[in-house]
Amino acid sequence: MSQLFTPARTRGFLRATAAAVALSSVLLTTNCGAAGESGGDAKATAAVPAGFPVTVDNCGVRTTYDRPPSRVVTIHQHPAELMLALGLKDRMVGTAFPDSAVLPELKEDYEAVPELARKEPSFEEVLDAEPDFVYGGYGSAFAEKEGRSRTAFADAGIDTYLNREYCGKKKVTMEDTYDEVRTIGKIFGVADRADKLVTDLKSRVGRAAGKVEGEPDVPVFVYDSGDKAAFTAGGKSLGTELIRLAGGENVFADLDDVFGDVSWEQVIERRPEVIAVYDYAGAGSVEQKKRFLLSQPALADVPAVRNKRFVVLPLTATLVGIRSAYAVDDLARGLHPESFR
């Protein structure tokens with residue numbers, strides 16, 4: 001195999017970071033005043049929605065919220081999109097690290113939020129936005145070696161939340177997406193919006209899955225990156241479930257991890273009929289990846305390569321966030337186009 005670009009190892013590193021983050025347990029003690037107590041600030045307590053305080057356990061960090069956060073920084077795109085989908089733009093004072101094009105219906109709101117950095121912002125850049133809550137998408141949002149540990153934020157009086165995908169739980173499913181939405185809705189006092197969003201996401205998945213019900217499963221190879229070896233999605237990834245819901249089967253579902261390396265000989269042996277190409281910055285463009293796959297003589301007889309059957313998925317669509325429901329529809333259309341005519 002010719003060398004084209006360096007294989008991405010982002011998720012492996014991020015999950016290792018997340019596992020380290022999960023070891024630190026921080027209990028944030030906040031103001032205990034409740035609406036109606038004598039001596040309390042009437043204006044402040046009047047703004048507290050019913051149901052508060054709420055306590056959330058997240059990746060080993062237990063936090064009690066007396067009121068919803070009001071100044072939020074999101075690090076990575078999928079937390080930002082989830083916040084916006086819940087109608088919480090007015091709470092957002094900064095975001096960072098866009099991975100791909102934003103969903104069209106969220107684009108205007110996303111662009112209205114100040115971008116703190118193209119990658120993860122420094123601890124000081126986050127502090128400059130004066131947040132009371134930081135919501136991280138990958139474990140690297142709270143990388144201790146970068147000075148952004150959850151303990152450091154807690155010491156600065158700032159609450160944090162890490163996407164549950166990076167809490168050290170290995171297998172990820174769509175239920176994690178729905179639980180993530182409900183938890184964020186609970187923290188921000190918009191549980192009704194969260195329930196509605198979950199219903200909408202489930203309906204989107206159900207419609208796509210219903211279209212391909214009864215169709216034979218299509219063998220799918222996920223190509224994240226790599227030249228000497230292929231970096232692919234394993235059986236514990238959300239991508240494997242998305243493929244299943246869309247009427248396919250991940251040819252490396254037996255890989256006992258979320259992501260991992262496989263040999264090109266294994267790819268050839270498993271004869272995928274469709275290749276799902278993950279699209280994100282830092283691992284070569286989609287066109288580069290396609291050219292690489294199509295240019296390799298050893299892959300010429302792989303059905304997906306021979307027939308040039310590719311489905312492109314933004315990386316953000318394969319993570320715990322609202323985009324995963326959209327990915328099922330995109331995959332189903334790519335795997336079973338005849339079902340959508």
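These values consider heavy atoms only, across backbone and side chains, with no hydrogens, waters or symmetry-generated copies.
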Residues in side-chain contact (heavy atoms from CB on, under 4.5 Å) with Thr318, at least two apart? Tyr278, Leu313, Leu315
Using the side-chain contact (heavy atoms from CB on, under 4.5 Å) rule, pick out the option among Val54, Val56, Asp57 that qualifies with Thr183. Val56
Suppose the criterion is ring-ring contact (aromatic ring centres under 6.0 Å, His included): which pairs have a residue in residues 86-134, not counting sequence neighbours? His76-Phe97, Phe123-Phe153, Phe133-Phe188
Side-chain contact test, heavy atoms from C-beta onward, threshold under 4.5 Å: evaluate it for Val198 versus Val181 and give yes or no. yes
Taking side-chain hydrogen bond (donor to acceptor under 3.5 Å, both in side chains) as the test, write out the residues that go with Glu108, two or more places apart. none
Could you note down all residue pairs passing side chain to side chain donor-acceptor pair (under 3.5 Å) where residues 210-222 supplies at least one of them, sequence neighbours left out? none
Any sub-3.5 Å donor-acceptor pair from Glu165's side-chain atoms to Val320's backbone N or O? yes
So Leu293 and Leu299, do their side chains get closer than 4.5 Å, heavy atoms only? yes
Taking ring-ring contact (aromatic ring centres under 6.0 Å, His included) as the cut-off, I'd like each qualifying pair that reaches into residues 316-341, sequence neighbours left out, listed once. none
If you define the side chain from C-beta out and look only at heavy atoms, does anything of Phe259 sit under 4.5 Å from Ser225? no
Is it the case that the side chain of Tyr223 and the backbone of Gly226 share a donor-acceptor pair, with hydrogens and angles ignored and the cut-off at 3.5 Å? yes
For residues 302-311, which residue pairs qualify under side chain to side chain donor-acceptor pair (under 3.5 Å), counting only residues two or more places apart or in two chains? none
So do the side chains of Asn58 and Cys167 get within less than 4.5 Å of each other, counting heavy atoms only? yes
Asp99 and Tyr138: side-chain donor and acceptor closer than 3.5 Å? yes
Sequence neighbours excluded - salt bridge (Lys or Arg N to Asp or Glu O under 4.0 Å) pairs with any residue from residues 77-93: Glu81-Arg323, Lys89-Asp109
Mind checking what makes side-chain contact (heavy atoms from CB on, under 4.5 Å) contact with Leu116, not counting sequence neighbours? Val73, Pro121, Ala129
Report yes if the side chains of Leu162 and Val61 come closer than 4.5 Å at any heavy-atom pair, otherwise no. no
Show every donor-acceptor pair shorter than 3.5 Å between a side-chain atom in residues 200-207 and any protein atom, with sequence neighbours excluded, or say none if there are none.
residue : atom : partner : partner atom : Å
Asp200  : OD2  : Lys196  : NZ           : 3.3
Ser203  : OG   : Thr199  : O            : 2.9

Looking at residues at least two apart in the chain, or sitting in another chain, which of them share a side-chain hydrogen bond (donor to acceptor under 3.5 Å, both in side chains) with Asp279? none
Tabulate below the donor-acceptor pairs under 3.5 Å that side-chain atoms of residues 269-277 make, not counting sequence neighbours, or state none.
residue : atom : partner : partner atom : Å
Arg270  : NH1  : Val251  : O            : 2.7
Arg270  : NH1  : Asp254  : OD1          : 2.8
Arg270  : NH1  : Asp254  : OD2          : 3.3
Arg270  : NH2  : Asp254  : OD2          : 3.3

Establish, for the pair Arg150 and Phe142, whether the NZ or CZ atom is under 6.0 angstrom from the six-membered ring centre and no further than 45 degrees off its axis. yes
Salt bridge (Lys or Arg N to Asp or Glu O under 4.0 Å) pairs, two or more places apart, involving residues 71-80: none
